[in-house]
Amino acid sequence: MVPPSEEEVMVSSTQQFERIRKRKKTTSGKRNKRDLRRNGTPVFPVHPEGYDASAPDAKRLH
């Protein structure tokens, strides 16, 4: 039987749970940002009511 090396020693439960909590917090933050980006600018009309494209002061489309 091989004696355990320093790499095989178990970490404390506190240390383990702190890492898990940090990972979950980071992941949820990424998901939140992704959802906010997806629901970004609402759809709105390019030309509001009463817009006349043939008016002399109308913006030209390129």
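Every value quoted in this text rests on a predicted model; they were computed, and no experiment measured them.
- S12 pairs by the side-chain hydrogen bond (donor to acceptor under 3.5 Å, both in side chains) definition with nothing, not counting sequence neighbours.
- Put simply, the residue from K33, R31, R38 that forms a salt bridge (Lys or Arg N to Asp or Glu O under 4.0 Å) with D35 is R38.
- The structure places CD1 of I20 at 15.0 Å from NZ of K25, a figure rounded to the nearest 0.5 Å.
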- prompt: Can R21 and E18 be said to form a side-chain contact (heavy atoms from CB on, under 4.5 Å), step by step?
  reply: CA-CA 5 Å; R21 279 192 213 104; E18 282 177 359; 4.1 Å; yes
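- Here the NZ-OG1 distance, from K22 to T27, works out to 10.5 Å after rounding to the nearest 0.5 Å.
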